[in-house]
Amino acid sequence: MSTPFEAKAHPTAEASQPVSTPLRSPILQRALAAFTYRDFRVLWMGAFTSTVGTWMQKVAQSWLVLQLTGSTLYLGLDDFLGQLPILLFTLVGGVIADRHDRRRLLLGSQYVQMATAFTLAALVFSNHATIWYILTLSFVAGLAQAFGGPAYQSLIPSLVNKKDLPNAIALNSIQFNLARVVGPLLAGLAMATLGAAGCFSLNGLSFLVVIVALMSLTVRHIPQTDRKPILHEMQGGFAYARSQPAIVALTVLAFMTTFLGLPLLTFLPVFARDIFHGDIGRYSEMMAYSGTGAVVGALVVAWLGRFRHMGMVLLAVQVVFGALIVAFALSRVPWWSNLLLFAAGAALICVFSMTASLVQLIVPDHLRGRVMSIYMVAFRGGMPLGSLASGYVASVTSAPAVLAVNGALVSVVAIYFLIRGHGVREL
């Protein structure tokens, strides 16, 4: 089967490899290796700008939902509906990413998400925003991500050489989490000066930057010559994933981490308002601490690159992550909670980056879209299910109690894999 992008079509041919520009400093060469590739730099900058806008919208939208409903259940439901299409359609999106031009798929995804942002801005500006409009637009945006996500994950390896792939994944995590720092801070300023409609409008504008970046990429699409029915190709992806115990274990690990660990971020508006008696400024501050920790964690992973016993380190860091969630749930001291969020953010992104790197290093390129879509269903699917389940339980108990139990279970899952292995411990 021919691969979708020329950069990976003939790995032994030098002309087909992505072209890099060496950095002078050995330290920078190791930490920023993927930035030596022009296409990766361009896409990174575009994605960063767009992700800043997305985090601005996420903060403003969570606060708007809380203002309209005062309910943790609706907070969880909004997150659930935003992620639900990923559960339903990402596997199909993975097959399409292996069959069609991944760049064009990403462009279509950006157009749809931009439209939802501007629509929500118009609804808020005209005082017609209701919880049901918000939930519907979250679902539509999630639908676009279900097809754009596998295309993006499959595109990254075609922009760099395989030896720099773990660094590229870590740097991609840095842009996401650096945006998670900058976005909430800008959201606080924008909410104070422009209101929620301003946040949503700025997010819509930010999609134009990544659209321009995608249009400027030099990688070319090579159509498959032996296409089979979509269902048959999906089965091929499942068959390969099942044949690799490490991929099965990493996929389960990703699901459990997001299902149990991500409600930490979902419940931050509740902690900011009800536990620490703050406003959106306090919420933005907590998000910034978490995001800053994530950037630091991603920098560490980027500098380490591919190293021995990565699987063992991954599981050890997850044990620590679970303990940090428990400590945050029990804390009532603002500065201590901020430090715990910083440490938890670093641990979380280390787990995510190392897990994604290990999966990408195992899977062959002609199956990348399909196998990564399976991984993404687990990774992204755990978020809405975890938010919905935790949001419901928190509505009848409390958010701190739910997070304390979730954190303990995160550590238990990691300890299980440390003891039993299942291919992860040996990576």
Side-chain angles (χ1 to χ4, degrees), residues 53-85 112-145 180 183-206 262-288 290 383-400 402-403:
T54 299
W55 275 104
M56 289 180 66
Q57 171 146 341
K58 180 174 177 59
V59 170
Q61 186 167 320
S62 294
W63 199 257
L64 180 61
V65 169
L66 200 59
Q67 283 184 324
L68 289 174
T69 67
S71 169
T72 58
L73 178 59
Y74 277 109
L75 268 179
L77 183 60
D78 183 47
D79 193 49
F80 172 77
L81 289 176
Q83 303 291 336
L84 178 61
V112 173
Q113 292 178 74
M114 181 171 63
T116 61
F118 282 132
T119 300
L120 186 54
L123 287 171
V124 173
F125 184 76
S126 62
N127 293 318
H128 286 91
T130 67
I131 185 60
W132 300 111
Y133 283 140
I134 295 172
L135 296 178
T136 300
L137 289 171
S138 291
F139 182 86
V140 174
L143 188 62
Q145 292 175 20
R180 190 152 65 92
L185 293 177
L186 292 180
L189 293 174
M191 286 285 284
T193 56
L194 303 174
C199 280
F200 303 143
S201 297
L202 290 173
N203 179 39
L205 292 173
S206 73
L262 266 294
L264 170 68
L265 302 180
T266 302
F267 288 154
L268 283 187
V270 179
F271 275 81
R273 189 189 68 173
D274 299 340
I275 304 298
F276 297 111
H277 309 291
D279 55 12
I280 193 169
R282 175 64 181 143
Y283 174 38
S284 297
E285 178 185 337
M286 296 171 76
M287 289 287 289
S290 175
M383 299 179 192
L385 294 176
S387 295
L388 187 64
S390 295
Y392 172 75
V393 176
S395 69
V396 295
T397 56
S398 69
V402 171
L403 283 187

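For reference, positions follow the sequence shown, starting with 1.
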Quiz item: Going through the distances and angles, do Y283 and L66 end up as a side-chain contact (heavy atoms from CB on, under 4.5 Å)?
Solution: CA-CA 12 Å; Y283 174 38; L66 200 59; over 6 Å; no

Exercise. Just say parallel, tilted or perpendicular for the rings of Y74 and W132, cut-offs at 30° and 60°.
Key: perpendicular

Distance, nearest 0.5 Å, that separates [atom1] of [X] from [atom2] of [Y]:
| X | Y | atom1 | atom2 | result |
| --- | --- | --- | --- | --- |
| M287 | W55 | CE | CH2 | 4.0 Å |
| Q61 | T54 | CD | OG1 | 10.5 Å |
| S138 | L77 | OG | CG | 9.0 Å |
| F271 | M286 | CZ | CE | 7.0 Å |
| S201 | L194 | OG | CG | 8.5 Å |
| T130 | L135 | OG1 | CG | 8.0 Å |

Quiz prompt | Note, I134 side chain near L68 side chain (heavy atom, < 4.5 Å) | solution = yes

Quiz item: Any side-chain heavy atom of M191 within less than 4.5 Å of one from C199?
Solution: yes

Quiz item: Where do M56 and L186 land on the side-chain contact (heavy atoms from CB on, under 4.5 Å) test, with the steps shown first?
Solution: CA-CA 7 Å; M56 289 180 66; L186 292 180; 3.9 Å; yes

Exercise. Among L75, I131, D78, L64, find the residue that satisfies the side chain to side chain contact (heavy atoms under 4.5 Å, CB included) test when tested with T69.
Key: I131

Any idea which heavy atoms bring [X] and [Y] closest together, and the distance?
| X | Y | answer |
| --- | --- | --- |
| V402 | T397 | CG2-OG1, 3.8 Å |
| Q57 | A117 | OE1-CB, 3.5 Å |
| F267 | S390 | CZ-O, 3.4 Å |
| A190 | L202 | CB-CD1, 4.4 Å |
| G386 | P263 | O-CG, 3.8 Å |
| N203 | G53 | OD1-C, 2.9 Å |

Self-check item: F139, CZ: over 12 other non-hydrogen atoms inside 6.0 angstrom
Solution: yes

Practice problem: Please say whether more than 12 non-hydrogen atoms of neighbouring residues, nucleotides or ligands are located less than 6.0 Å from CZ in F276. | Solution: yes

Quiz item: Could you walk me through whether L123 and F200 pass the side-chain contact (heavy atoms from CB on, under 4.5 Å) check?
Solution: CA-CA 10 Å; L123 287 171; F200 303 143; over 6 Å; no

Practice problem: Could you walk me through whether T119 and T116 pass side-chain contact (heavy atoms from CB on, under 4.5 Å), step by step? | Solution: CA-CA 5 Å; T119 300; T116 61; 5.5 Å; no

